[in-house]
Protein chains: 2
Amino acid sequence: MTKNRKNYHHGALKEQLVEAVRQLIETQGPDGFTIAEACRLAGVSTAAPYKHFRDREEILHAVILAAMHRMGAAMQAAADAYPAGDPERVVALGRAYIGFARAEPGVFALMFGHAGHHDEDEALAEEGRGKFAIVLRVVAEHIGRPPEDPEVNARAYALWCAVHGHCFLALDGKADKTEIMVSEEEYLRLVGRSYLP
Amino acid sequence: MTKNRKNYHHGALKEQLVEAVRQLIETQGPDGFTIAEACRLAGVSTAAPYKHFRDREEILHAVILAAMHRMGAAMQAAADAYPAGDPERVVALGRAYIGFARAEPGVFALMFGHAGHHDEDEALAEEGRGKFAIVLRVVAEHIGRPPEDPEVNARAYALWCAVHGHCFLALDGKADKTEIMVSEEEYLRLVGRSYLP
DNA sequence: TTGCCTAAGTTAGCGCTGCTAACATATGTA
DNA sequence: TACATATGTTAGCAGCGCTAACTTAGGCAA
């Protein structure tokens with residue numbers, strides 16, 4: 001059963017395990033997966049992961065860190081697609097954030113769902129700060145003030161909260177099934193208009 | 001070990017199990033608890049819960065539903081504490097929401113952290129609609145329009161998102177440890193000012 | 001080339017979990 | 001008072017995370 005591969009050594013088990021866990025999280029939900037199942041997907045015994053990771057928590061950590069990276073790249077790409085000052089730029093940034101949440105709802109929930117969990121880990125905290133720095137820069141260039149300005153800080157944070165909150169409610173189906181909202185596009189523009197006059 | 005109680009029958013096991021699970025979620029986190037541990041807390045065998053609940057999922061469901069109830073009551077109380085039209089009213093509503101998230105971060109994460117999970121359950125969906133109805137009413141009375149007005153709907157949703165998003169970022173420590181934000185009170189007023197001019 | 005050191009797999013097994021089946025006891029009602 | 005039912009028990013199963021001890025393959029020095 002576990003001998004679908006010809007080599008005794010797997011070769012890229014670490015990366016493949018992270019990917020298997022990511023897939024399982026998306027299909028089974030953030031809690032409905034086991035690393036034993038991921039082992040079966042990767043075609044190794046259930047003891048193999050412990051040559052690469054300390055425990056289950058460390059595997060999850062790797063999954064989350066990789067997801068943070070992808071999300072940050074998507075946000076950066078969205079910001080780069082528009083010139084500084086273009087009002088469409090902040091909307092695109094929000095779309096990228098929401099787009100990631102929709103594309104990978106499982107890991108998104110994992111990234112932000114477990115309260116007080118990231119600040120203890122420096123790598124994750126750094127990744128989070130990097131993402132906020134993107135928002136800060138876009139807002140700063142939009143209203144023509146330095147990123148260190150408290151006003152920029154406050155508005156960038158408000159923007160983040162607005163988009164982040166919408167993601168959770170949207171993923172919960174609260175914005176889809178009930179007719180609470182009109183349209184996501186309209187929402188993003190309302191938010192932009194409200195915080196960046 | 002399991003004989004700390006004198007009666008063979010426990011009497012109020014169902015309620016006590018829900019409470020035990022709630023406590024464990026708060027102390028161990030949303031994932032770090034087991035129903036076996038809750039049984040030990042309640043002083044019964046690990047098979048006892050299944051006379052009252054179908055499975056673990058149904059226990060969690062009961063915990064979440066009860067939490068939704070408490071949260072709704074807190075929001076209603078906040079809304080009732082100020083007269084219609086008072087600008088302080090919407091700030092108080094936000095404070096109540098955030099207050100619950102801070103008081104019970106574990107169950108709060110559980111309530112909203114697991115994407116696409118509530119809309120399948122009618123009781124939870126109804127509870128969620130009730131909470132949004134409170135926000136709708138407060139916003140409607142604030143800007144002097146009927147609750148059915150799409151404008152009221154859009155602003156109420158935006159308010160919810162802003163507060164909800166802040167809760168998650170605040171619980172993650174992103175708003176506390178880094179100096180991203182100035183103050184929660186200021187944030188609430190900025191949000192109110194932006195959406196309810 | 002040979003021979004070892006180490007990285008990266010394996011199997012076996014421990015304790016714990018969620019859950020079920022079968023049995024025991026208390027409670028309410030006829 | 002008898003008994004049906006609700007609510008507890010113990011025993012036990014399969015699956016999980018994780019460890020220990022063993023095995024295999026690859027890389028490097030002599």
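Note: hydrogens, waters and symmetry copies are ignored here, and every other heavy atom, side chains too, is used. Everything numeric in this text was worked out from a predicted model, so none of it was measured. Lettering follows sequence order; numbering is per chain, from 1.
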Visitor: Report the distance from atom CG of A:L17 to atom C1' of C:dG9, rounded to the nearest whole Å.
Guide: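 Computing the A:L17:CG to C:dG9:C1' distance gives 12 Å.
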Visitor: Between atom CD in A:E15 and atom P in C:dA8, what is the gap in whole Å?
Guide: 11 Å
Visitor: In whole angstrom, give the distance that lies between atom NZ of B:K14 and atom P of D:dT7.
Guide: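 That distance rounds to 9 Å.
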Visitor: Rounded to whole angstroms, how far apart are CZ on A:R40 and P on C:dT10?
Guide: 13 Å
Visitor: Who are the side-chain contact (heavy atoms from CB on, under 4.5 Å) partners of B:K14, not counting sequence neighbours?
Guide: B:H52, B:F53
Visitor: Between B:M75 and B:V135, is there a side-chain heavy-atom distance shorter than 4.5 Å?
Guide: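 A side-chain contact exists here, since the closest heavy-atom pair is under 4.5 Å.
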Visitor: Do A:K131 and A:M68 have side-chain heavy atoms sitting under 4.5 Å apart?
Guide: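 A side-chain contact exists here, since the closest heavy-atom pair is under 4.5 Å.
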Visitor: What is the distance, to the nearest angstrom, from the CD1 atom on A:I59 to the P atom on D:dC16?
Guide: 14 Å
Visitor: For B:Y195, which residues count as a ring pair (Phe, Tyr, Trp, His ring centres under 6.0 Å) partner, sequence neighbours excluded?
Guide: A:Y195
Visitor: Which nucleotide, C:dA8, C:dT17, D:dG17, lies nearest any side-chain atom of A:H52?
Guide: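 So the nucleotide nearest the side chain must be C:dA8.
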Visitor: If I take atom CG in residue B:D31 and atom C1' in nucleotide C:dG18, what distance separates them, rounded to the nearest angstrom?
Guide: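 Going from B:D31 (CG) to C:dG18 (C1'), I get 16 Å.
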Visitor: Shorter than 3.5 Å, N or O on both sides, protein versus nucleotides 19-21 of chain C: list them out with atom names.
Guide:
residue: C:dC19; atom: OP2; partner: B:Y50; partner atom: OH; Å: 3.0
residue: C:dC19; atom: OP2; partner: B:R56; partner atom: N; Å: 2.7

Visitor: What are the two closest non-hydrogen atoms of A:F112 and B:F168, and how far apart are they?
Guide: O-CD2, 3.4 Å
Visitor: Can you confirm whether or not the ring centre of A:H164 sits under 6.0 Å from the ring centre of A:F108?
Guide: yes
Visitor: Starting from P on C:dA26, measure out to NZ on B:K51 and report it in whole angstrom.
Guide: 16 Å
Visitor: Is B:S45 near enough to D:dG8 that one of its side-chain N or O atoms lies under 4.0 angstrom from OP1 or OP2?
Guide: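 No, because none of the side-chain N or O atoms of B:S45 sits under 4.0 Å from OP1 or OP2 of D:dG8.
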Visitor: Between B:L13 and A:A36, name the one whose nearest nucleotide on DNA chain D is closer to the 5' end.
Guide: B:L13
Visitor: A:F33 has an atom CZ; how far is it from atom P of D:dG15, in whole Å?
Guide: 19 Å
Visitor: Below 4.5 Å, heavy atoms only, C-beta onward: do A:M71 and A:E127 meet side chain to side chain?
Guide: no
